[in-house]
Amino acid sequence: MGKADTATREYIDDTRIFADVFNYYIYGGKQVIEPKSLEKLDASTLLTVFGKDGDEEKIQRYRDALKKATLMVDDEAAYIVLGIEAQTHIDYGMPIRAFLYDALQYDSQARKIKAAHRDSGDKHNDDEFVSGLYKDDGILPVITVVIYFGSKPWDGATDLRGLYRCKHPELIGMAPDYKMHLIEPARMTDEDFEKFSTSIGKVLKFMKLSDSREEMKSLMETDDDYSHMERNAARVLKECANISLDIDSNEEVIDVCKAWRDERDYVAKESSIRSAIDTARQFGISDDAILDNIVSRFNLTEGEAKEYMLKKSA
């Protein structure tokens, strides 16, 4: 697992962030699902499949974040299983992956119900005995949201039908479909970002604008929230947007604005130094003279200046 994957998974597993994602996606930002109502579930699911020859094949998948939520709907308690998958790159088979994750979760629920019946010695009819599930049994619905922590638009399919190669309408109409719930910054508006109550709205907005120097400059100069971001959110920006951030494990608040300005100034200074070296060489100025010039002009040590000279001559 890469650093970006680790950073995003740890971030979304936070109950505050997790609840905020579903409050945005399902309820448009209304605070319906509370962090305290979330119960962490085992993120690994194992399914054993038997082939015609009796051989066993085990299918195991690991979710990025999986929790059971308890919420009140029309004065009645409602229970639901919620999952989040964090993507740092576009996965063109993601609808299949998400579909499989949900199917395995349903299978896991059914197996637990069957085991409970066996353990308790419940009475059953013939059909219930064969299936293991009783007529009145039910399972919890599962909703999976995929969050894409990238700046470009998601150009892959968002449902199973988008992957089908057969286009015959009668056949496609009979084939099962699965809609993938996707959050992608590139297609979000400023109004969308404001519907979040935690730092994830800021993280997603940063990702959307990260490829535009002018928009990033405006964002860093006008939104003070980025000057005191929580550490886990800053880690996501560091790994997914490739900005230089020194994150101390003891620091809970990170100044992303300063880090972005420092990196911008560093890039600008480096570009100016290399341009000065190239121009001087074009006019036939000796390397010794160029070295003295950039040392004094850009406040460099002699060692730093020599490194720049070597880079340009390589």
Side-chain angles (χ1 to χ4, degrees), residues 1-25 27 29-41 43 62-69 82-88 145-151 183-185 188 190 192-211 215-267:
M1 186 188 305
K3 291 182 178 180
D5 292 326
T6 300
T8 53
R9 288 181 183 184
E10 291 181 357
Y11 182 57
I12 61 172
D13 199 42
D14 184 312
T15 54
R16 298 175 303 107
I17 305 301
F18 193 97
D20 201 20
V21 167
F22 284 96
N23 282 328
Y24 161 77
Y25 196 86
Y27 300 106
K30 185 178 178 182
Q31 299 302 296
V32 176
I33 302 173
E34 299 181 3
K36 65 181 180 182
S37 73
L38 296 172
E39 174 188 344
K40 188 178 179 67
L41 299 177
Y62 295 90
R63 304 294 302 264
D64 287 348
L66 189 69
K67 303 181 190 295
K68 183 170 76 172
L82 303 173
I84 298 180
E85 297 302 315
Q87 288 296 119
T88 55
V145 169
V146 177
I147 305 178
Y148 171 50
F149 289 93
S151 58
I183 294 177
E184 52 172 325
M188 296 173 68
D190 286 343
D192 290 327
F193 297 123
E194 293 302 318
K195 292 177 181 178
F196 293 95
S197 63
T198 65
S199 61
I200 192 167
K202 301 298 181 182
V203 168
L204 295 174
K205 187 171 186 177
F206 189 103
M207 294 308 306
K208 176 180 180 177
L209 304 180
S210 60
D211 290 339
E215 288 185 299
M216 282 298 299
K217 181 175 183 295
S218 175
L219 184 65
M220 294 296 99
E221 291 177 347
T222 58
D223 195 331
D224 188 55
D225 286 340
Y226 291 98
S227 65
H228 48 269
M229 292 203 76
E230 60 187 290
R231 180 160 50 89
N232 279 350
R235 282 184 62 216
V236 172
L237 297 183
K238 175 182 179 179
E239 303 301 340
C240 295
N242 295 319
I243 62 171
S244 297
L245 277 175
D246 292 325
I247 300 178
D248 191 314
S249 60
N250 295 319
E251 287 185 293
E252 293 300 326
V253 177
I254 308 296
D255 190 341
V256 175
C257 294
K258 181 179 183 304
W260 184 85
R261 288 193 299 268
D262 289 347
E263 184 175 19
R264 178 196 60 185
D265 294 343
Y266 171 79
V267 171

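If you're wondering where the values come from, they're calculated on a predicted model, not measured in any experiment.
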List for me each residue that meets ring-ring contact (aromatic ring centres under 6.0 Å, His included) alongside Phe196, sequence neighbours excluded, and say none if there are none.
Tyr24
At their closest point, which heavy atom of Ile84 faces which heavy atom of Asp64, and how far apart are they?
O-CB, 3.2 Å
Carboxylate-amine/guanidinium proximity below 4.0 Å for Asp190 and Lys205
yes
Do Asn232 side-chain atoms and Tyr11 backbone N/O form a donor-acceptor pair below 3.5 Å?
no
I'd like to know if the side chain of Asn23 reaches the main chain of Ala19, judged simply by a donor and an acceptor atom lying under 3.5 Å from each other, with no hydrogens or angles considered.
yes
Is a side-chain N or O of Gln31 found less than 3.5 angstrom from the main chain of Gly29, in a donor-acceptor match?
yes
With a 4.5 Å heavy-atom cut-off, do Glu239 and Thr6 have their side chains touching?
no
For a quick test of reading the model, state the closest non-hydrogen atom pair linking Ser227 to Cys257 and the distance between them.
N-SG, 3.6 Å
Is there a side-chain contact between Ile254 and Arg235 (heavy atoms, below 4.5 Å)?
no
Rounded to the nearest 0.5 Å, what separates atom OG1 in Thr8 from atom OH in Tyr148?
12.5 Å
Keeping Lys67 on the side-chain end and Asp13 on the backbone end, is there a donor-acceptor pair under 3.5 Å?
yes
Phe18 and Ile33, any side-chain heavy atoms less than 4.5 Å apart
no
Hey, does Leu237 have a side-chain heavy atom less than 4.5 Å from the side chain of Val256?
yes
Would you say the side chain of Phe149 lies within less than 4.5 Å of the side chain of Ile12, judging by non-hydrogen atoms?
yes
Nearest heavy-atom approach of Asp255 to Lys258 is OD1-N, 3.0 Å
Does Ile200 reach the side chain of Val236, with side-chain heavy atoms less than 4.5 Å apart?
no
Please give me the minimum heavy-atom distance between Leu66 and Gly83, naming the atom from each residue.
CD1-CA, 4.0 Å
To the nearest 0.5 angstrom, please state how far the OG atom of Ser199 sits from the CZ atom of Arg231.
12.5 Å
Rounded distance (nearest 0.5 Å) linking atom SG of Cys240 with atom CD of Gln87:
11.0 Å
Heavy-atom distance under 4.5 Å between the side chains of Asp223 and Met220, does that happen here?
no
Main chain of Met188, side chain of Lys208: is a donor-acceptor contact present, judged purely on distance under 3.5 Å?
yes
Looking at every heavy atom in both Glu230 and Ile17, which two are closest together, and how far apart are they?
OE2-CD1, 4.4 Å
With rounding to the nearest 0.5 angstrom, report the CD to CE distance, Glu221 to Met216.
11.0 Å
Specify whether Tyr226 and Phe206 have parallel, tilted or perpendicular ring planes, treating 30° as the upper limit for parallel and 60° as the lower limit for perpendicular.
tilted
Closest approach of Arg16 to Pro35 (non-hydrogen atoms, all atoms of both residues):
CA-CG, 4.0 Å
